[in-house]
Novice: 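Have a look at this one.
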Amino acid sequence: MSQTINSRIQALRALFSREGIQAFIIPSTDPHLSEYVAPHWKSRKWISGFTGSAGTVVVTTGKAGLWTDSRYFLQAAQQLEGTEIELYKEMLPETPSISTFLCTQLSPGDAVGIDGKMFSAEEVERMQAELQKCRIEIKNIPDPMRELWADRPPMPEAPAFIHETKYSGKSSVEKISIIREELKKCNARALFISALDEIAWTLNLRGNDVHCNPVIVSYLLIEEQDIHYFIQPQKITLEVAEYLKSTGISLHPYEEVETYLKQIRVESLLINPAKTNYAVYSAVNPDCKIIHGVSPVTLLKAIRNEQEIAGIHAAMQRDGVALVKFLKWLEEAVPAGKETEISVDKKLHGFRAEQDLYMGESFDTIAGYKEHGAIVHYEATPETDVPLKPEGFLLLDSGAQYLDGTTDITRTIALGELTEEEKTDYTLILKGHIALAMAKFPAGTRGVQLDVLARMPIWQRGMNFLHGTGHGVGHFLNVHEGPQSIRMNENPVTLQLGMLTSNEPGVYKAGSHGVRTENLVLVVPAGEGMFGNYLQFETVTLCPICKKGISKELLTNEEIEWLNGYHQTVYEKLSPSLNKEEQAWLKEATSSL
């Protein structure tokens, strides 16, 4: 494989002289700047062999590098082995930025090639400013992969389908009316939306264009009177065509978005340069005043309505039932010695698929046994798959898509005997998880202000994790959604009533083990307090937290009380849907510590 990768890099370099460039940058996105993309746009994976969801490849005439984050350090190192691509670990002080790297590799007057559809307008502007200091230009080269990638998968063509109001809580007409009201507040006459989750939410449509993410590749333009939807015609069924017509939406071929924007006649257009690709952004008629700002959909979508919240609770209950059935099976199956990381992934999928309204997984399951648990986004392959033994930890991060909600849960499960170090790490992560779960905070608090709660127990032992503590989760949509987050990086978005966020501290020790405990939490009222209203988290995930790894002496009485209370809730909510054997197993798994 490494020879194939090196030959692909050479093929890209062969285009340099014709295009008048000395380097080319390949990110992980699609024209909608999505985190997860359809196979047609997995160019970075194709040219590097690295399969992680995040990373950027830079190829110059003499060097090639991959920049990726801490979730993928171990995985990338393994997958790049034997290729000429060097690994650059993001967020470490010794790692140069891509612009800094290019300034050291290129000369004044040189040019860097990009496909303008794969970068946000904001990112291109920032890169241009940085590279111009070294007198290096950026040149737009539309889709060189058309020429290089012989067996490239086609554009996704799965049909769109309607997400009924009984699940979404508001009709598309209601949502568009609210969006138009928001546009008036910022004096915009139109809104252009490129983000696929925002389009799906606005139109109450879903699709199967991206693995595990029920979105439809399309663009949406909302004007004061008209709505224009840019989508491949074959994706529109008769039912969807009637539905869109009834809501006053005009259909246009997907490829015509730039042509339409060049001729747009609206006075002012709200567009988010961080979420709109450079090529599409640059196509907007210069006579149209562009207003830079976040789409109002971003926040509207993140705040769940009553119907969505009811759906979340129902989905969590069914998901919890599937997980309990799985955990009981796992406990009985591991001692027989026939189970592996891949086999337990398939088994869990089977239990979930039996549940009502199940629509698939919300991401590929991470089942990492022992040292594989230290690879944050590990995905077992036939080459890496290992048998599970009645010892050590299995880190299991999984989730499901239901018509009434999206789930995401991580459990670190003790399969048998543990070391003292494993128990300590497990308990410290549990302490951080509980501290965040119990947080009460004044309205207006940002996630970055709470992040320390989850990290303090491991910080005090000189440990840390470099991924976020919490990410937003969509409603039968993407498992990672903003705008809210709980992480060390500054994010101005405050935590607001109805937001659903993960709570997932972890610790990872290369070659040994990984620990992560994750539940989803909903922001709910905590009552009136000094200087205004206070908020808190309601843990909505329903699944026992493995008690076998806990060093009880490290927990405070308050932490033990929280865990016992959580387990009591899990038993009360899930036991009615279980048979007697499963109830007995759950009774023990949720018994007081």
Side-chain angles (χ1 to χ4, degrees), residues 167 304 306-332 348 351-352 354-358 396 398-400 402-414 430-431 433-440 473 475 497-498 500-504 517-527 535-550 552 555-593:
Y167 303 124
R304 300 290 187 267
E306 284 181 24
Q307 191 62 41
E308 287 174 316
I309 289 170
I312 289 165
H313 285 299
M316 293 294 172
Q317 203 155 341
R318 294 193 306 279
D319 207 52
V321 167
L323 285 157
V324 166
K325 288 173 182 283
F326 167 79
L327 290 171
K328 177 182 179 291
W329 168 85
L330 182 73
E331 192 174 279
E332 294 160 0
L348 176 55
F351 282 120
R352 279 196 168 114
E354 292 171 358
Q355 300 301 313
D356 289 344
L357 309 186
Y358 176 78
L396 194 68
S398 68
Y402 300 97
L403 284 171
D404 53 356
T406 299
T407 71
D408 181 4
I409 174 173
T410 308
R411 289 293 181 264
T412 306
I413 304 148
L430 179 59
K431 286 173 75 71
H433 177 92
I434 293 171
L436 185 58
M438 290 173 65
K440 290 189 179 180
V473 177
H475 191 79
L497 286 174
L500 186 69
T501 307
S502 67
N503 170 4
E504 52 178 311
T517 298
E518 176 187 20
N519 284 332
L520 298 189
V521 294
L522 187 70
V523 181
V524 296
L535 306 172
Q536 61 189 345
F537 292 122
E538 176 192 356
T539 296
V540 292
T541 302
L542 297 169
C543 178
I545 292 169
C546 181
K547 293 183 297 178
K548 293 171 188 169
I550 296 173
K552 190 176 176 181
L555 296 179
T556 64
N557 289 336
E558 194 180 21
E559 289 163 345
I560 292 168
E561 203 176 298
W562 181 91
L563 184 64
N564 289 341
Y566 172 68
H567 275 156
Q568 189 181 337
T569 301
V570 168
Y571 184 79
E572 286 169 3
K573 294 275 175 73
L574 301 185
S575 58
S577 303
L578 300 169
N579 66 32
K580 283 200 163 51
E581 283 182 11
E582 291 158 352
Q583 285 176 346
W585 182 90
L586 184 59
K587 189 84 175 165
E588 174 53 38
T590 56
S591 61
S592 294
L593 194 64

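All of these numbers come straight from a predicted model, not from anything done at the bench. Starting from 1, each residue takes its place in the sequence as its number.
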Novice: Quick one: closest heavy-atom pair of Leu574 and Leu578, and the distance?
Specialist: O-CG, 3.5 Å
Novice: Counting neighbours of CD on Glu588 that are heavy atoms of other residues, nucleotides or ligands and sit closer than 6.0 Å, is the number greater than 12?
Specialist: no
Novice: Within the structure provided, determine whether Thr407 and Met316 are in side-chain contact (heavy-atom separation under 4.5 Å).
Specialist: yes
Novice: Does a side-chain heavy-atom distance below 4.5 Å link Leu593 with Leu555?
Specialist: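 Sidechains of Leu555 and Leu593: in contact.
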Novice: Can you confirm whether Thr412 sits close enough to Leu396 that some side-chain heavy atom of one is under 4.5 Å from a side-chain heavy atom of the other?
Specialist: no
Novice: Given His433, which partner from the list Asn519, Thr539, Thr410 fulfils the side-chain hydrogen bond (donor to acceptor under 3.5 Å, both in side chains) test?
Specialist: Asn519
Novice: If you round to the nearest 0.5 Å, how far is CD1 of Ile434 from CD of Glu561?
Specialist: 11.0 Å
Novice: Who passes salt bridge (Lys or Arg N to Asp or Glu O under 4.0 Å) against Lys431, sequence neighbours left out?
Specialist: Glu559
Novice: Name the residue from Val473, Val521, Val523 that meets the side chain to side chain contact (heavy atoms under 4.5 Å, CB included) definition with Leu500.
Specialist: Val473
Novice: Of the non-hydrogen atoms in Tyr402 and Asp356, which two are nearest, and what is the gap between them?
Specialist: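 Nearest pair, atom of Tyr402 first, then Asp356: CD2-O, 3.6 Å.
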Novice: So which heavy atom on Pro544 is nearest to which on Trp585, and how close?
Specialist: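 Scanning both residues completely, I find the closest heavy atoms to be CG-CZ3, 4.1 Å.
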Novice: Walk me through it: do Glu504 and Ser502 pass the test side chain to side chain donor-acceptor pair (under 3.5 Å)?
Specialist: CA-CA 6 Å; Glu504 52 178 311; Ser502 67; 2.9 Å; yes
Novice: Supply the atom-to-atom distance Leu330 CG to Leu323 CG, rounded to the nearest 0.5 angstrom.
Specialist: 11.5 Å
Novice: State the OH-CD distance between Tyr167 and Gln307, to the nearest 0.5 angstrom.
Specialist: 10.0 Å
Novice: Any side-chain heavy atom of Thr590 within less than 4.5 Å of one from Gln568?
Specialist: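 They are not in contact (no side-chain heavy atoms under 4.5 Å apart), so the answer is no.
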Novice: Can you measure from OG (Ser577) to CD (Gln583) and round to the nearest 0.5 angstrom?
Specialist: 9.0 Å
Novice: Kindly compute the distance separating CG (Leu430) from CG (Leu563), expressed to the nearest 0.5 Å.
Specialist: 6.0 Å
Novice: Partners of Glu582 by salt bridge (Lys or Arg N to Asp or Glu O under 4.0 Å), sequence neighbours excluded?
Specialist: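 With sequence neighbours excluded, Glu582 shows a salt bridge (Lys or Arg N to Asp or Glu O under 4.0 Å) to Lys325, given in chain and number order.
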Novice: Ignoring hydrogens, what is the shortest heavy-atom contact between Ala414 and Gly549? Give both atom names and the distance.
Specialist: CB-N, 4.4 Å
Novice: Under the 3.5 angstrom rule, does the side chain of His567 hit a backbone N or O of Ile545 as a donor-acceptor pair?
Specialist: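 The answer is yes, because a donor-acceptor pair under 3.5 Å joins these two groups.
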Novice: Within 45° of the ring axis of Tyr358 and under 6.0 Å from its six-membered ring centre, is that where the NZ or CZ of Arg318 lies?
Specialist: no
Novice: Could you tell me which non-hydrogen atom of Glu308 sits nearest to which non-hydrogen atom of His475, and how far apart they are?
Specialist: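 What the structure gives for the nearest pair is O-CE1, 3.3 Å.
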Novice: If you define the side chain from C-beta out and look only at heavy atoms, does anything of Ile309 sit under 4.5 Å from Val540?
Specialist: no
Novice: Using a strict cut-off of less than 4.0 Å between a Lys/Arg side-chain nitrogen and an Asp/Glu carboxylate oxygen, indicate whether Arg411 and Glu518 qualify as a salt bridge.
Specialist: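 Judged by the 4.0 Å cut-off on N to carboxylate O distance, Arg411 and Glu518 do not form a salt bridge.
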Novice: Looking only at heavy atoms, what is the nearest atom pair of Ala437 and Asn503, with distance?
Specialist: N-ND2, 3.6 Å
Novice: Over 60° means perpendicular and under 30° means parallel, so tell me whether Phe326 and Trp329 are parallel, tilted or perpendicular.
Specialist: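 It falls in the tilted class, 30° to 60°.
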Novice: Can you list the residues that meet the side-chain hydrogen bond (donor to acceptor under 3.5 Å, both in side chains) rule with Ser398, with sequence neighbours excluded?
Specialist: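 Once residues adjacent in sequence are excluded, the partners of Ser398 under the side-chain hydrogen bond (donor to acceptor under 3.5 Å, both in side chains) criterion are Arg352.
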Novice: Whether the Lys547 and Ser591 side chains hold a donor-acceptor pair (N or O, under 3.5 Å, no angle test) is what I'd like checked.
Specialist: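 Side chains of Lys547 and Ser591: pair found under 3.5 Å.
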Novice: Working to the nearest 0.5 Å, report the span between CE of Met438 and CD of Gln536.
Specialist: 10.5 Å
Novice: Check whether any side-chain heavy atom of Leu520 sits under 4.5 Å from a side-chain heavy atom of Thr501, and report yes or no.
Specialist: no
Novice: For Glu558, does the CD atom sit with more than 12 other heavy atoms under 6.0 Å from it, leaving out its own atoms?
Specialist: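 At most 12 heavy atoms, drawn from other residues, nucleotides or ligands, come within 6.0 Å of this atom.
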Novice: Within a reach of under 6.0 Å around CG of Asn579, are more than 12 heavy atoms found that belong to other residues, nucleotides or ligands?
Specialist: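 Yes, the 6.0 Å shell around CG holds more than 12 heavy atoms from other groups.
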